[in-house]
Amino acid sequence: MATLKRRPRDGYPGRVLALVLVIIAALAAGMVATGHTKPKLGVDLAGGTSLTLTANPAESSAITPENMNTAVSILHKRVNGMGVSEAEVQTQGSRSIIINIPKGSNTQDAIDQVGKTAKLFFRPVLAEQAPGGAPGMGVPPASIKQQFDTIDCTDAAQRTDHQASPEADTVACAQDERSGAYAKYALGPVAVDGVDISKAQAAIDPSTNQWQVNLEFNGKGSKSFAATTGHLAQQDAPQNQFAIVMDGQVVSAPAVNGPIAGGNAQITGTFTQEQARDLASVLSYGALPLAFEKSDVTTVSPQLGGEQLHAGLLAGMVGLALVVLYSLAYYRGLGLVSVAGLAVSAALTYSVMSLLGASIGFALNLPAVCGAIVAIGITADSFIVYFERIRDEIREGAPLRSALQRAWPRARRTILVSDFVSFLAAAVLYFVTVGKVQGFAFTLGLTTLLDVVVIFLFTKPLMVLLARLKFFANGHKWSGLDPRSLNARTIRRSRRRPTEPTAEEA
């Protein structure tokens, strides 16, 4: 007849410890498989450029959280469209946006792109003055003729945004990508707003093997675009052209061959791959709900960033060394448990941060390093709470295994409450602050969660295993659990059978 084995009094700590090892191994495998074996560094540590854009609309009432969030989303897409996938774009305060661009080959291009922050419009061409002072084509309307005749596009001061109103005629300049010469245009009222573009993508025309830009409009944009192209197709040059105007400058002025319905269109020309992608980026992400100006541009050299990272790591190592020395001096053998726990916590934190950099773009900045240093104290505090509860039970005369059973419920409650308060503070700090302070809050919250994992899945089961060793069970003077050094009472003998669980254990 089969017998039913009683569950061990102290559970299966070996299995729990094996689970921790499996988790660490899985995270390490994920790091190797994805190639992200190090945490991603922020601009202040890796070097790069920090750009501050300040909203400066005609009406201050336009600065709303909704418009600011929309601008952040568009700017983030615009920078990513330039190939700078590690850039950070976030609001700061009520009217500023911070863009952190890591050091790289596309940094200057990205800065130029995000600087183009005005609204995007499609305007019909009324007249054109070709580059180099060639004879003009078309006749500008009387309302802007004098301005058209006198403006000098070679003068940077005159190449400003002359768009007084979307409903009014205007003058704009354009620079030839190859020669660098400037042309100028007389443009009619806005026919299609850039916000009505749902998608713009650079692609190769299979029939000509040339780069082009494919456009898709939303419902409103499709109707406006079809009506306007139908009208322009019947005009002679240059009045059959559609000018794409952003930040007061003509980005492109393609000719219209016929009415374009269905919400899809192609902009063709002698585009290079880079030119086509730049134009697609402008069309996709150019229509911001607010006007911005660059209020600050700060560049951090990789050398300075490396020095700050070195200083942060040095501070962390000093703090860790002090905690280890204190643990070994005060808790002796138990101090080795805290050292092992800190090592496990460090391994989990490092691997999780590395994978988060690849998955959600988390970048480790200097405040985040500070958060990790603070986390050393939080983790050590959890060890101290548990160890002191155990030592209190031993002072009352309980043997080690009983002390562990009685100390854990009380220590568990204290640790969970303490970690909950720390996590709540980190969450509040993350959501109510902006900029780099969020890095501190994110790291503090992450390490607080990992502290719960370490204390439950590593420290507690490890103590159960160590309690089976004579060195700790008999209270050796170097174990940190010596009853005599703790002034313990006379050890009480248990009247129950060793295999009989208490009500609390059951």
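Just so it is clear, the structure is predicted and the values come from calculations on it, not from any experiment. Nothing fancy with the numbering, it's 1 onward along the sequence. Values below: every heavy atom of this structure, side chains too, minus hydrogens, waters and symmetry copies.
Side-chain contact of N214 with Q212: a donor-acceptor pair under 3.5 Å is present, judged by distance alone.
Contact annotation: the side chain of V251 never approaches that of V245 to less than 4.5 Å [non-hydrogen atoms, C-beta and beyond]. Q201 has its side chain out of reach of V213: every pair of non-hydrogen atoms, C-beta onward, lies at least 4.5 Å apart. Between T447 and T379, the closest side-chain pair of non-hydrogen atoms is not below 4.5 Å. Proximity of I197 to N218: side-chain heavy atoms (C-beta onward) are nowhere separated by under 4.5 Å. Side chains of M463 and W408 form no contact here, defined as non-hydrogen atoms less than 4.5 Å apart. Annotation: side chain of Y430 is not in contact with side chain of V428 (no heavy-atom distance under 4.5 Å).
In this structure a side-chain-to-backbone donor-acceptor pair under 3.5 Å is missing from D381 to G377. Between the side chain of D482 and the backbone N or O of R484 there is at least one donor-acceptor pair closer than 3.5 Å. At least one donor-acceptor pair under 3.5 Å links the side chain of R391 to the backbone N or O of G480. In this structure, the side chain of R95 engages the main chain of A55 through a donor-acceptor pair within 3.5 Å. Judged purely by atom type and a 3.5 angstrom limit, T349 has no side-chain atom pairing as donor or acceptor with the backbone of A346. In terms of modelled atom types and a separation under 3.5 Å, the side chain of E216 and the main chain of K199 share no donor-acceptor contact. Here the side chain of S418 pairs no donor or acceptor atom with the backbone of T414 at under 3.5 angstrom.
Taking every heavy atom of both residues into account, A467 and A473 meet most closely at O-CB, 3.3 Å. Here the closest heavy-atom approach between residue I97 and residue A71 is recorded as CD1-CB, 3.9 Å. Shortest non-hydrogen contact noted between L348 and V453 is CD1-CG1, 4.4 Å. The two residues I394 and L481 come nearest to each other via the heavy atoms CD1-CD2, 3.7 Å. Across F472 and L466, no two heavy atoms sit closer than the pair CB-O, 3.5 Å. Annotation for L17 and P461: closest pair CD2-CG, 4.0 Å, computed over non-hydrogen atoms.
Annotation: cation-pi pair R15/Y12 present, NZ/CZ under 6.0 Å from the ring centroid and within 45° of its normal.
A distance of 6.0 Å separates CG of L75 from CG of L53, quoted to the nearest 0.5 Å. Interatomic distance, K40 NZ to H36 NE2, rounded to the nearest 0.5 Å: 8.0 Å. Put simply, CD1 on I415 and CD1 on I384 are 11.0 Å apart, with the number rounded to the nearest 0.5 Å.
The only option from L334, L342, V323, V337 that meets the side-chain contact (heavy atoms from CB on, under 4.5 Å) definition with F383 turns out to be L342.
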**Q.** Test log, rule side-chain hydrogen bond (donor to acceptor under 3.5 Å, both in side chains), inputs T448 and D419
**A.** CA-CA 6 Å; T448 301; D419 283 345; 5.5 Å; no

Q.
Assess the residue pair E393 and R410 against the criterion (salt bridge (Lys or Arg N to Asp or Glu O under 4.0 Å)); give the C-alpha distance rounded to whole Å, side-chain angles, the decisive distance to 0.1 Å, and a yes or no.
A. CA-CA 11 Å; E393 293 296 331; R410 299 177 182 177; 3.4 Å; yes

Q: Assess whether side-chain contact (heavy atoms from CB on, under 4.5 Å) is satisfied between L444 and V374, documenting all intermediate values.
A: CA-CA 7 Å; L444 182 61; V374 172; 4.1 Å; yes

**Q.** From CA spacing to verdict: side-chain contact (heavy atoms from CB on, under 4.5 Å), Y331, E388
**A.** CA-CA 10 Å; Y331 288 111; E388 288 301 321; 2.7 Å; yes

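Not a single side-chain hydrogen bond (donor to acceptor under 3.5 Å, both in side chains) links S345 to another residue, sequence neighbours left out.
Residue-environment remark: CZ (F471) exceeds the threshold of 12 foreign heavy atoms within 6.0 Å.
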